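Please read all numbers here as calculations on a predicted model, not as lab measurements. All chains are named by letter (A, B, ...) in the order of the sequence lines, taking the proteins before the strands, and each is independently numbered beginning at 1.
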Amino acid sequence: MPEEISETNENESGGSALNFLERIIEEDIRDNVYHRSVHTRFPPEPNGYLHIGSLYAININHGAAKRFGGVFNLRFDDTNPLKEDMEYVGAIIEDMKWAGYDPGENIFFGSDYFETIYELTINLIENGQAFVCDLSPDELRESRGTLTTPGVNSPYRNRSVEENLKLFEGMKNGLYNPGEKVLRAKIDMASANINMRDPTIYRVLNADHYRSGDKWRVYPMYDYAHPIQDAIEGITHSMCSFEFKDHRPLYEWVLNALSFAFPEPPKQREFGRMNITGAITGKRYLRQLVSQGYADGWDDPRLPTVKGLRRRGFTVESIHDFLGEIGVARDNSTVDISMLENSLRKDLKPKAKTVMAVLDPLPVEIINYPEGADEWVEVENNAENPELGIRKLPFSRNLLVEREDFMEVPEKGFRRLFPGNEVRLKGAYFIKCEEVLKDDNGAAVKLLCTYDPATKSGGSFTERKVKATLHWLDAARTLPARVNLYGRLLLNENITGEEPNWPRLVDPASLIVMENARMEESLSAALPEDKFQFIRHGYFVCDIHSKPEEKLVFNRIVALKDTKKKG
RNA sequence: UGGGUUGUCGCCAAGCGGUAAGGCACAGGACUUUGACUCCUGCAUUCGCAAGUUCGAAUCUUGCCAGCCCAGCCA
């Protein structure tokens with residue numbers, strides 16, 4: 001028995017208005033169309049890893065089931081043994097669990113229905129609704145016609161039921177080679193919808209299936225298998241993406257032809273695909289990036305895969321928030337990546353520990369601070385959430401500040417460090433820039449500053465104010481660190497030493513943008529130029545699972561689809 | 001020259017005959033031990049365009065225009 005999704009856990013799609021798909025379901029419930037509870041499914045082909053677009057599709061189906069107290073299935077749509085692999089089923093289940101869409105016991109495989117589908121197909125043939133066709137792939141393509149001209153009937157279209165039965169059995173028993181014979185639905189070669197022009201529903205494949213092994217030589221096509229799989233599982237609403245809209249008549253034709261077996265057939269309904277600016281979705285391209293080494297793996301933080309997003313520091317909560325925020329599109333949409341980032345920020349702000357880290361260090365020497373001395377200053381881990389406590393940072397004569405926080409000749413409005421100016425070091429003291437040491441090229445290599453002991457953070461000093469506060473590190477006690485979105489590099493490892501596992505890092509100071517020419521070049525080589533154009537900037541992101549010494553500085557792998565066309 | 005589908009602010013997106021929600025982004029201002037955060041304020045007299053129906057339309061009708069999808073023995 002499938003488990004029903006509890007209505008009490010989590011809050012995805014809870015409370016908000018129904019989207020247009022959910023409205024359809026609501027009507028069906030009202031009209032008593034189904035004498036069973038709402039039942040949805042997510043049917044990935046195990047040929048790649050899940051990405052943010054998959055999560056969007058999962059959320060729509062899973063969310064609808066939850067909303068109406070229904071059931072949700074994960075079903076591997078594995079009817080093409082040439083492309084599928086067990087590696088992916090494990091990864092998909094793992095990612096779904098992580099993302100909060102645990103299918104529980106409701107995990108199915110389309111390939112488990114091969115036998116049933118085969119038997120139903122015998123009925124189809126007996127009813128004269130399918131025939132074995134000997135046309136070669138090329139001949140078949142030609143006879144199909146074009147978008148504007150009708151196709152012509154196959155010369156094999158009128159074979160007798162007996163002959164079809166015999167030939168189909170022969171196909172099943174491996175008597176024919178791939179390409180020699182296919183089974184086709186007998187519909188209408190003149191249909192304006194090309195999917196209805198006697199579509200192929202079974203093909204011969206001399207390939208072992210990752211689950212059914214060498215049992216089958218004949219495999220059903222997606223268009224034929226999918227409606228049957230849905231029906232077998234008792235799915236009521238089969239929600240898929242837009243490109244299948246034209247396939248709906250065929251989906252319905254199949255279930256109608258098999259109505260003796262499925263009296264209350266599921267409905268296919270479609271939603272627009274979701275794209276994110278600057279992110280490559282589409283398993284085909286992701287696979288290319290991974291297999292050709294442009295990405296370090298499916299979990300490369302630059303990728304919008306679930307594993308990539310996870311390594312990059314995105315939380316489940318932020319992803320759910322994002323998905324709820326963008327809604328369900330009727331047509332393809334491209335959501336600005338800033339919406340995803342906003343959801344992360346929203347989630348992390350109150351619960352993540354904040355740390356200081358210096359990305360591009362500029363040494364500072366406090367010339368009036370005793371040589372060899374040091375002290376520990378206290379900084380709150382999260383300015384707005386005291387529950388996260390405080391940490392102690394070492395402070396001494398030699399420090400590091402952000403290079404961009406200093407200007408020898410301050411431009412108008414600059415209020416950070418410049419000769420003669422005083423600023424506060426977060427959690428520590430006021431310091432004043434007294435002298436700039438430069439290299440032969442005139443670039444600053446070190447700032448000589450003085451500090452005022454009276455201005456120690458937490459004290460009652462009010463005599464003068466500074467216009468800026470800077471983040472800083474003790475020069476001798478820093479470590480390359482993992483950096484998150486909005487984080488910074490060189491993190492001080494000596495944060496009291498209490499946290500073996502690093503918290504997600506959030507430095508509200510700034511969002512860092514950089515260029516990465518090398519990545520741009522490799523992407524250009526990897527992907528077709530006419531379809532993609534590369535943007536120049538990405539964000540620093542972090543890998544909270546990697547080792548500190550890796551010192552990661554990532555750019556997003558980015559591409560904007562079809563930007564040339566749109567100008 | 002076919003069929004399907006969509007068109008509400010730069011991006012998502014409510015709205016479903018009663019006189020344009022919200023979020024992101026952006027711009028001003030206040031606040032500030034990071035120029036961040038937070039808080040205020042601004043941001044579609046208009047809903048692809050044009051006619052029509054109506055007291056009244058983004059919502060109904062007609063025509064036009066634009067985008068996206070479809071010719072795998074892929075899913």
Asks: Please tell me which of A:Tyr56 and A:Pro178 maps to the more 5' nucleotide of RNA chain B, matching each residue to the nucleotide holding its nearest heavy atom.
Replies: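 In this pair, the answer is A:Tyr56.
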Asks: If B:A30 has a Watson-Crick or G-U wobble mate with both distances under 3.5 Å, name it; if not, just say none.
Replies: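 Pair assignment: B:A30 / B:U38.
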Asks: Out of B:C73, B:U33, B:G2, which nucleotide sits closest to the side chain of A:Thr200?
Replies: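 Of the candidates, B:C73 comes closest.
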Asks: Between B:A50 and B:U59, how many Å separate the two P atoms, rounded to a whole number?
Replies: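 Straight-line distance between the two P atoms is 13 Å.
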Asks: Donor-acceptor pair under 3.5 Å: do we get one between A:Asp331's side chain and the base of B:G67?
Replies: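 Result: at least one qualifying N/O pair found.
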Asks: Answer with base, sugar-phosphate or nothing: what part of the nucleic acid does A:Gly413 contact at a heavy-atom distance below 4.0 Å?
Replies: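 Base contact.
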Asks: Does this structure show an ion pair linking A:Lys267 with A:Asp28, if we count only N-O contacts that are shorter than 4.0 Å?
Replies: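 Yes.
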Asks: Please state the C1' separation for the pair B:G7 and B:C74 - nearest whole angstrom.
Replies: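 Those two atoms are separated by 31 Å.
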Asks: B:G22 P sits how many Å from A:Ile326 CD1, rounded?
Replies: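 One finds 20 Å between P of B:G22 and CD1 of A:Ile326, rounded.
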Asks: Under a 4.0 Å threshold between the charged nitrogen and the carboxylate oxygen, would A:Arg197 count as salt-bridged to A:Asp188?
Replies: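 Not counted as a salt bridge, because no side-chain N and carboxylate O are separated by less than 4.0 Å.
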Asks: Scan A:Gly458 against the nucleic acid and name what it touches under 4.0 Å (heavy atoms): base, sugar-phosphate only, or nothing.
Replies: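 Base: the residue A:Gly458, judged by heavy atoms under 4.0 Å, touches a nucleobase.
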Asks: Using a cut-off of 4.0 Å on non-hydrogen atoms, how would the nucleic acid contact of A:Ser191 be classed: base, sugar-phosphate, or nothing?
Replies: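 Answer is nothing: A:Ser191 stays at 4.0 Å or more from every strand.
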Asks: How would you label the contact of A:Val335 with the nucleic acid (heavy atoms, under 4.0 Å): base, sugar-phosphate, or nothing?
Replies: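 It contacts sugar-phosphate atoms only.
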Asks: When we call it a touch if two heavy atoms are under 4.0 Å apart, what does A:Glu270 touch: a base, just sugar-phosphate, or nothing?
Replies: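 It contacts nothing in the nucleic acid.
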Asks: Considering only side-chain heavy atoms of A:Lys83, which listed nucleotide, B:G2, B:C74, B:A25, is closest?
Replies: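 Nearest listed nucleotide: B:C74.
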Asks: Tell me: CD of A:Gln229 to C1' of B:A75, nearest whole Å?
Replies: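 That distance rounds to 11 Å.
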Asks: Let's test this: given Watson-Crick or G-U wobble pairing with both distances under 3.5 Å, identify the partner of B:C60.
Replies: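 Partner of B:C60: B:G52.
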Asks: Need one value for A:Arg23: base, sugar-phosphate or nothing, where a base atom within 4.0 Å counts as base even if backbone is also close, heavy atoms only.
Replies: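 Contact class for A:Arg23: base.
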Asks: Please report the distance, rounded to the nearest Å, between CD in A:Glu243 and P in B:A71.
Replies: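 After rounding, the gap between these two atoms is 11 Å.
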Asks: Determine whether any donor atom in the side chain of A:Asp246 lies under 3.5 Å from an acceptor atom in the base of B:G3, or the reverse, and answer yes or no.
Replies: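 Donor-acceptor pair under 3.5 Å: yes.
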Asks: Out of B:C73, B:C24, B:U34, which has the shortest distance to the side chain of A:Met221?
Replies: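 Of the candidates, B:C73 comes closest.
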Asks: Which nucleotide wins on minimum distance to the side chain of A:Asn332, given the candidates B:C68, B:G2, B:U34?
Replies: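 Output: B:C68.
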Asks: B:G35, B:C12, B:A75: which one has an atom nearest the side-chain heavy atoms of A:Glu45?
Replies: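 Given the options B:G35, B:C12, B:A75, the side chain of A:Glu45 is closest to B:A75.
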Asks: Between B:G29 and B:C12, how many Å separate the two C1' atoms, rounded to a whole number?
Replies: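 Rounded to whole Å, the distance is 28 Å.
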Asks: Both distances under 3.5 Å, Watson-Crick or G-U wobble: report the partner of B:C73, or none.
Replies: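 Base partner found: none.
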Asks: If you look at every strand shown and take non-hydrogen atoms under 4.0 Å, does A:Ala428 touch a base, only sugar-phosphate, or nothing?
Replies: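 Here A:Ala428 touches no strand at all.
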Asks: Could you tell me which nucleotide pairs with B:U5 by Watson-Crick or G-U wobble geometry, both distances under 3.5 Å, or answer none if nothing does?
Replies: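 Across any shown strand, B:U5 pairs with B:G67.
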Asks: Distance between the C1' atoms of B:C73 and B:C68, in whole angstroms?
Replies: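 Approximately 27 Å lies between the C1' atom of B:C73 and that of B:C68.
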Asks: Return the value, rounded to whole Å, for the distance between atom CZ of A:Arg330 and atom C1' of B:G15.
Replies: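 Going from A:Arg330 (CZ) to B:G15 (C1'), I get 11 Å.
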Asks: Go through the N and O atoms of the side chain of A:Arg416 and the base of B:G35, and report whether any donor-acceptor pair is under 3.5 Å.
Replies: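 Flag set: donor-acceptor pair detected.
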Asks: For A:Arg415 and B:C31, give me the distance from atom CZ to atom P, rounded to whole Å.
Replies: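 It is 11 Å, rounded to the nearest whole Å.
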Asks: Measure from CG on A:Asn342 to P on B:G22 and round the result to the nearest Å.
Replies: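 Rounding to the nearest Å, CG of A:Asn342 and P of B:G22 are 16 Å apart.
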Asks: Which is it for A:Asn47 and A:Glu84 under the side chain to side chain donor-acceptor pair (under 3.5 Å) test, yes or no, and what are the steps along the way?
Replies: CA-CA 5 Å; A:Asn47 68 346; A:Glu84 297 140 10; over 6 Å; no
Asks: Taking the side chain of A:Ser333 as its heavy atoms from C-beta onward, which of B:U32, B:A13, B:C70 lies nearest to it?
Replies: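 Side chain of A:Ser333 sits closest to B:A13.
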